[in-house]
Amino acid sequence: ENENDHYIITDMESVLVDLEYQLTDLDMTRDFHTLGGWPLLASLLADQTHQPNKLLLSNNNNNTDDNDNDNDNTLTPELIQARNILQTKAAWAMGTAIKNTKEFYPYAIQKITIPGKTTTD
């Protein structure tokens with residue numbers, strides 16, 4: 001694990017906590033979605049988002065295996081824990097946005113593209 005990984009993960013956690021707060025505002029949530037932030041936030045829920053090297057390798061080999069559990073083999077326990085924390089914070093921010101009004105409910109099932117697959121995460 002690289003020393004800089006800790007700082008990047010901490011920064012991402014801080015951004016997600018701040019984003020969750022911002023998404024309590026209806027206009028901010030609408031703007032965040034309209035400006036294209038929603039797919040990026042939703043992509044943080046996918047394990048493969050946190051595995052860029054494996055993803056590049058699988059795309060180059062045209063491997064379409066969607067088994068995300070294989071990704072855990074390339075991560076240290078500390079990075080797996082950090083990934084889980086980031087996914088939790090991303091889900092929390094999404095939940096905050098969606099619960100505000102029925103207008104935002106469809107955001108939860110909106111199709112997004114994560115490199116290598118399309119999902120409704």
Side-chain angles (χ1 to χ4, degrees):
E1 180 176 354
N2 186 331
E3 177 71 25
N4 291 329
D5 289 344
H6 171 74
Y7 296 111
I8 292 169
I9 292 166
T10 302
D11 291 346
M12 288 180 69
E13 282 185 64
S14 297
V15 167
L16 289 169
V17 169
D18 184 56
L19 178 62
E20 187 277 334
Y21 173 77
Q22 300 300 325
L23 294 178
T24 61
D25 180 85
L26 297 178
D27 290 328
M28 293 285 277
T29 299
R30 193 175 293 112
D31 290 345
F32 181 73
H33 183 268
T34 301
L35 294 172
W38 195 259
L40 177 61
L41 179 60
S43 73
L44 292 175
L45 298 178
D47 287 347
Q48 71 190 64
T49 299
H50 307 276
Q51 286 291 333
N53 293 333
K54 179 166 180 150
L55 182 60
L56 289 173
L57 288 173
S58 68
N59 283 344
N60 289 338
N61 294 330
N62 295 323
N63 182 355
T64 58
D65 183 12
D66 287 340
N67 186 355
D68 291 335
N69 293 332
D70 290 342
N71 291 337
D72 288 346
N73 295 333
T74 59
L75 291 176
T76 65
E78 293 81 15
L79 288 176
I80 291 171
Q81 180 181 10
R83 177 198 63 201
N84 293 343
I85 290 169
L86 292 177
Q87 289 173 324
T88 300
K89 301 239 189 252
W92 178 44
M94 292 175 73
T96 295
I98 293 167
K99 73 178 183 178
N100 284 327
T101 182
K102 286 184 179 181
E103 173 189 345
F104 303 143
Y105 292 175
Y107 294 2
I109 58 171
Q110 175 182 346
K111 284 191 180 238
I112 63 161
T113 300
I114 298 171
K117 77 179 197 181
T118 299
T119 185
T120 55
D121 290 339

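Below, all heavy atoms of this structure are taken into account, side chains as well, without hydrogens, waters or symmetry copies. Everything numeric here is computed off the predicted structure, so don't read it as measured data.
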Atom [atom1] in [X], atom [atom2] in [Y]: separation rounded to 0.5 Å?
X: Met12; Y: Leu19; atom1: CE; atom2: CG; answer: 11.5 Å
X: Leu41; Y: Lys89; atom1: CG; atom2: NZ; answer: 13.5 Å
X: Arg83; Y: Leu79; atom1: CZ; atom2: CG; answer: 9.5 Å
X: Phe104; Y: Thr29; atom1: CZ; atom2: OG1; answer: 5.0 Å

Looking only at non-hydrogen atoms, find the nearest pair between [X] and [Y] and report the distance.
X: Pro39; Y: Gly36; value: CD-O, 3.3 Å
X: Ile98; Y: Ala108; value: CD1-CB, 3.4 Å
X: Lys99; Y: Thr96; value: CG-O, 3.4 Å

Could you label the plane-to-plane angle of the Tyr107 and His33 rings as parallel, tilted or perpendicular, counting under 30° as parallel and over 60° as perpendicular?
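The arrangement is parallel - the two ring planes meet at less than 30°.
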Does some side-chain heavy atom of Leu44 sit less than 4.5 Å from a side-chain heavy atom of Gln87?
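No; the side chains remain at least 4.5 Å from each other.
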Give a yes or no on whether the backbone of Asp31 and the side-chain of Thr34 come within a donor-acceptor separation of less than 3.5 Å.
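Pair absent, no side-chain N/O of Thr34 close to backbone of Asp31.
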Look only at the side chain of Trp92 and the backbone of Glu20, and say whether a donor-acceptor pair between them is shorter than 3.5 Å.
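Judged by distance alone, no pair lies under 3.5 Å.
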Would a single hydrophobic cluster contain both Leu26 and Phe32, if residues Ile, Leu, Val, Met, Phe, Trp and Tyr are joined by side-chain heavy-atom contacts under 4.5 Å?
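Yes, one cluster joins them.
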Please determine whether the number of non-hydrogen atoms from other residues, nucleotides or ligands lying under 6.0 Å from atom CD of Gln81 exceeds 12.
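Not buried by this count: 12 neighbours or fewer within 6.0 Å.
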Do other residues, nucleotides or ligands put more than 12 heavy atoms under 6.0 Å from Tyr105 OH?
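Atom OH in Tyr105 is crowded, with more than 12 foreign heavy atoms closer than 6.0 Å.
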